[in-house]
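In what follows, a single structure is set out as structure tokens and then discussed.
Throughout, protein chains are lettered first and strands after them, A, B, ... in sequence-line order, and every chain is numbered starting at 1.
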2 protein chains.
Amino acid sequence: MSKTRSRRGGGRPTIADVARRAGVGAITVSRALREPGRVSEDLRRQIQAAVDELGYVPDPNARALASARAEVFGVLVPSLTNNVFAEVVRGIYDSLSDSPFRIQLGNTHYSGLEEERLLQVFGPQRPAALIVAGIDQTPTARRLLETAGCPVVQVMETGPDPVDMLVGFSHLEGGRAATEHMIEAGYRRIGFIGARMDPRSQRRLAGYRTAMETAGLFDPRLVTTTPVPSSVPLGRELFRDALAKVPTLEGVFCNNDDIALGVLFECHRAAIAVPKTIGITGFNDLDMMQSAFPSITSIRTPRYEIGRRAVAMALAAISRKRPEQRIVDLGFELRRRESTAR
Amino acid sequence: MSKTRSRRGGGRPTIADVARRAGVGAITVSRALREPGRVSEDLRRQIQAAVDELGYVPDPNARALASARAEVFGVLVPSLTNNVFAEVVRGIYDSLSDSPFRIQLGNTHYSGLEEERLLQVFGPQRPAALIVAGIDQTPTARRLLETAGCPVVQVMETGPDPVDMLVGFSHLEGGRAATEHMIEAGYRRIGFIGARMDPRSQRRLAGYRTAMETAGLFDPRLVTTTPVPSSVPLGRELFRDALAKVPTLEGVFCNNDDIALGVLFECHRAAIAVPKTIGITGFNDLDMMQSAFPSITSIRTPRYEIGRRAVAMALAAISRKRPEQRIVDLGFELRRRESTAR
DNA sequence: GAAGGAGATGGTAGCGCTACCAAGAAACTG
DNA sequence: CAGTTTCTTGGTAGCGCTACCATCTCCTTC
């Protein structure tokens, strides 16, 4: 019908339709929608009425092209099924649900190369911000982050030298605190059981080692690790291995709660008394740890809060009010429970 | 330097730069990249060389605007932390990782209204396909799906009347199979324990009820449910409630594995023998069920496979080869374990 | 060998929006 | 009250790409 309208587009109203209807210029409609403060009360109302009548919704693709900036947060995590990252992601989602920002989530599978690839995919889209897990990017990935031209928040860890901003906690200190707690509780031959052994697990191991060495208790045979992805069944297996290696084992600090739960089940099956014969400490404090029988000591980590804080920092940076603190340490908390109450 | 180049854009090479360098028209570059078969071998090589030299990457936003179609899959799930959906999402990601498609994941929080809102956000972006969990959309959400102008795959369930395509399994049959198994194992006063009670849980309950009624065993007091989100601690609580209501309880079919695990832990704590005094059956068969002590009977659901299949169907529809089957039932599998071996 | 068809390439004209600049009106300055 | 600043509004010119149509070759076909 009308001259140019809706040839290729799906016939949805455009900003020009709204402008015509409201009797203003297209640019004024654009402004009324994005910076209402810069348009007079009168026109704003008129424009809003036209928008409502037509059911106008701005085209995000056209917006992104014209402004060279998409209203998208790129989020990169190593795993989607690992509850730990799921919680971080949930924090991110909850913080962004009232904003215009959409979320594009990438799964790196704990691979630096895959992380690079995803950054190469995300970059050309010109996201408003990037949130990535960890601080151990490959040099290439780090360069991609530095040149992304948007705020970048690394999450889950602390460290001295973030690409841009950083929020998390110290896995090394967490590992140390867990181990020291077990030593204080009277355990001596304390093993470390770890699966996957990504950089964060490595740091927990380093914390364990520091604590054990300080107490003069370290023995490499106490350490049992595997690159295999973590799971409850694997926890059982690794504990059997650990026990076979060191039959006098008195306790284990586990890489994470899945492994700890596997250890607990294996103890039940082998009729090993917990905490008397074997003490168990987990990491992350999933909610099942307090329900287990016996309940399992763990390090509570602020996963959801990390997600929220990361978004808050990114949002601040986007609005050019960079947060005073570029590095935020949210800490962790030792939850003492029955599994280490000797 | 050059006339028009990189005023607003970040100075990245554009398709025109590539065309100039390769000595061809811009449109030919576009074609060489998207439909290599339609460009002669010679030019294709020339163009590829120019692309490599310049490090050209197409701008996805410009592409989306010009073609009125974004290379994005919209995915809507009710929860990000629930392992069940995490597995579906993982299947989707793994199937899409080698494709040009990006993924935009929305979290509906089990809310129909939130689902509508997200569809309203996703729609204007003109995604290549939409994957949504469940078949219980509000009328508005359903209309949004029907008018999205792209393939739509509903997942997790079966049913007669999908918006477009559907892949999943029958929760009702799953609930029935679980209950029948317990009846066959010799349990009589079998309770149902359910949290959240979303539509899928309701159908599992319906399956339980059918089986119990058929066997002449149904009693409304055996059913314990709550709208509260599911968790292991909640499983313990609900089991205590159920037992208080019906002290002669012989077994429970749980809504899901978290609840089942909570029940198991409560049995341990209360020194109730499993499976002798109480039998337990879960739903979904998370990997910890086989490791638990005693191991827990559960209904294995094809979550990862559902994600993969959904993508396969969507991809087929995108390339205009709609799959022969619009509705795919992937079934489930009863895993008999110690917790019901009376 | 003329007519018709298939394949390869390019030009033009947008997709729907916003950056940039300009211009007029209103408010302020000394 | 001329000169300057601030506020409001609009026009123009793209952002980087692809749909559509036109053109030109090179085969077929009878």
Side-chain angles (χ1 to χ4, degrees), chain A residues 2-20 22-47 51 54 56-71 100 123-126 128 149, chain B residues 2-20 22-47 51 54 56-71 100 123-126 128 149:
Chain A
S2 55
K3 282 193 288 240
T4 304
R5 185 117 80 77
S6 71
R7 265 245 300 288
R8 285 197 336 215
R12 285 190 320 210
T14 73
I15 203 168
D17 298 322
V18 176
R20 213 170 301 133
V24 300
I27 191 65
T28 306
V29 174
S30 175
R31 264 197 292 260
L33 262 26
R34 289 177 304 138
E35 315 167 87
R38 292 192 43 191
V39 172
S40 71
E41 179 64 25
D42 258 20
L43 279 193
R44 211 187 315 152
R45 254 202 303 271
Q46 249 169 269
I47 290 168
V51 165
L54 265 49
Y56 169 72
V57 182
D59 180 328
N61 299 130
R63 241 184 200 181
L65 178 59
S67 66
R69 189 58 64 202
E71 289 190 309
Q125 213 174 156
R126 298 170 179 277
Chain B
S2 55
K3 283 193 289 238
T4 304
R5 186 115 81 77
S6 71
R7 265 245 299 289
R8 293 207 318 228
R12 284 189 321 209
T14 73
I15 204 169
D17 297 322
V18 176
R20 212 170 302 134
V24 299
I27 190 66
T28 305
V29 174
S30 176
R31 264 197 294 260
L33 262 27
R34 290 176 303 137
E35 315 167 86
R38 293 193 41 192
V39 172
S40 71
E41 178 64 25
D42 257 21
L43 279 194
R44 208 187 318 150
R45 254 203 303 271
Q46 247 169 273
I47 290 169
V51 165
L54 292 162
Y56 168 73
V57 182
D59 180 327
N61 300 129
R63 239 182 203 184
L65 179 59
S67 65
R69 191 54 65 201
E71 288 190 310
Q125 215 176 152
R126 300 170 178 278

Rounded distance in Å - [atom1] ([X]) to [atom2] ([N]):
X	N	atom1	atom2	answer
A/Arg44	D/dC7	CZ	C1'	13 Å
B/Ile15	C/dA13	CD1	C1'	16 Å
A/Arg69	D/dG16	CZ	P	13 Å
B/Asp59	D/dG14	CG	P	18 Å
B/Glu41	C/dA8	CD	C1'	14 Å
A/Glu35	C/dC17	CD	P	16 Å
A/Asn61	C/dC17	CG	C1'	11 Å
B/Arg20	C/dT9	CZ	C1'	18 Å

Residue [X], side-chain heavy atoms: nucleotide from [options] that is nearest:
X	options	value
B/Leu65	D/dT18, C/dC15, D/dG10	C/dC15
B/Arg38	D/dG16, C/dT9, C/dG16	C/dT9
B/Pro58	D/dC17, C/dC17, D/dG16	D/dC17
B/Ala62	D/dT18, C/dC17, D/dG16	D/dG16
B/Thr14	C/dC17, D/dC17, C/dT18	D/dC17
A/Val39	D/dT9, D/dA19, C/dT18	D/dT9
A/Ile27	C/dA19, C/dC17, D/dT9	C/dA19
B/Val24	C/dG10, D/dC17, C/dA19	C/dG10

Can a side chain N or O of [X] be found less than 4.0 Å away from OP1 or OP2 on [N]?
X	N	answer
A/Arg63	C/dG16	no
A/Ser40	D/dT9	yes
B/Arg34	D/dT18	yes
A/Thr28	D/dT9	no

Practice task
Determine whether B/Val51 and B/Ile47 make a side-chain contact, defined as any pair of heavy atoms from C-beta on separated by less than 4.5 Å.
Solution key: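 The answer is yes; the side chains approach within 4.5 Å.
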
Handout entry: Heavy-atom side-chain proximity of A/Arg31 to A/Ile27 below 4.5 angstrom
Key = yes

Problem - Position toward the 5' end of DNA chain C (nearest nucleotide), B/Val29 or A/Ala26 - result: B/Val29

Supply the atom-to-atom distance [X] [atom1] to [Y] [atom2], rounded to the nearest 0.5 angstrom.
X	Y	atom1	atom2	value
B/Thr28	B/Arg38	OG1	CZ	10.0 Å
B/Arg126	B/Glu71	CZ	CD	15.0 Å
B/Arg45	B/Ser40	CZ	OG	9.0 Å
A/Arg63	A/Leu33	CZ	CG	6.0 Å

Practice task
Answer with yes or no whether A/Arg31 presents, from its side chain, a donor or acceptor under 3.5 Å of a partner atom in the base of D/dG10.
Solution key: yes

